[in-house]
Amino acid sequence: DVKVTQSSRYLVKRTGEKVFLECVQDMDHENMFWYRQDPGLGLRLIYFSYDVKMKEKGDIPEGYSVSREKKERFSLILESASTNQTSMYLCASSLGDPWGEQYFGPGTRLTVT
Amino acid sequence: QQQVKQSPQSLIVQKGGISIINCAYENTAFDYFPWYQQFPGKGPALLIAIRPDVSEKKEGRFTISFNKSAKQFSLHIMDSQPGDSATYFCAAISGNTPLVFGKGTRLSVIA
């Protein structure tokens, strides 16, 4: 079974702090994704990566950056956390084909106070 | 044109009934249409998917119906059970591009 793990289930940070969310997958998937999930807004793509050291902006990249130094690990960075970044963050991975068959981690609920 | 519109937002179905969730899209380049199921406190999980060369796909109690000319697809859950209570997301994708998700339907199956 594919396993996608996220470093924390719950996280509370203060406004202005730098926040790191880590995601690791164990199935040698090329593609990795970061989403945020908010009530009524569904899943919104922040960034994705189709190869090591490659990254592409999704629909809502502002205020976020990412890092992919190793194939299995994809990190989401909030350079200066703000209260409007309070959300559920979901990481996913997929093989090369189809991209649509994604495996999600359990999510990190981030609260910024 | 990249949107996938999903309805209803929420749905309450009696145990044993049929749950139907609908999605519509505009981009005719979409070539893969998955449905994801998400239980509270968990990440979404792929439930069933269809490609546009077939009109229906069935896996157990779950069926996707696909209408290419109308650019619509739907999820039917037969004999709905309380354990099916979850949020369901339809999605669409075109080749090697990110998934486009619908906004989700919260299904409650009551006994």
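Numbered from 1 within each chain, the chains take letters A, B, ... in sequence-line order. What's counted below: heavy atoms across the whole structure, side chains too, no hydrogens, waters or symmetry copies. From a predicted model like this one, the values you see are computed outputs, not experimental measurements.
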[X], part contacting chain A, at a heavy-atom distance under 4.5 Å:
X	value
Tyr36(B)	side chain
Pro98(B)	both
Gln38(B)	side chain
Thr97(B)	backbone

The single option from Tyr64(A), Tyr89(A), Phe104(A) that satisfies ring-ring contact (aromatic ring centres under 6.0 Å, His included) with Tyr35(A) is Phe104(A)

Quick one, Ile21(B) with Leu11(B), criterion side-chain contact (heavy atoms from CB on, under 4.5 Å). Give me CA distance, side-chain angles, the key distance, then yes/no. CA-CA 8 Å; Ile21(B) 304 170; Leu11(B) 183 61; 4.3 Å; yes

List the steps, then state whether side-chain contact (heavy atoms from CB on, under 4.5 Å) holds for Lys71(B) with Thr28(B). CA-CA 8 Å; Lys71(B) 292 184 282 187; Thr28(B) 55; 3.8 Å; yes

So which of Ala45(B), Ala49(B), Gly104(B), Gly43(B) has the biggest tally of heavy-atom pairs under 4.5 Å with chain A? Gly43(B)

Below 4.5 Å, heavy-atom pairs only: which of Lys103(B), Arg106(B), Lys42(B) has the largest tally toward chain A? Lys103(B)

Checking heavy atoms, do the side chain of Glu56(A), its backbone, both or neither come under 4.5 Å from chain B? neither

Name the region of Arg109(A), side chain, backbone, both or neither, that has any atom closer than 4.5 Å to a heavy atom of chain B. neither

Do Trp35(B) and Phe73(B) have their ring centres less than 6.0 Å from each other? yes

Are the ring centres of Phe33(B) and Tyr25(B) closer than 6.0 Å? yes

Give a yes or no on this: more than 12 heavy atoms of other residues, nucleotides or ligands lie within 6.0 Å of atom CD of Glu59(B). yes

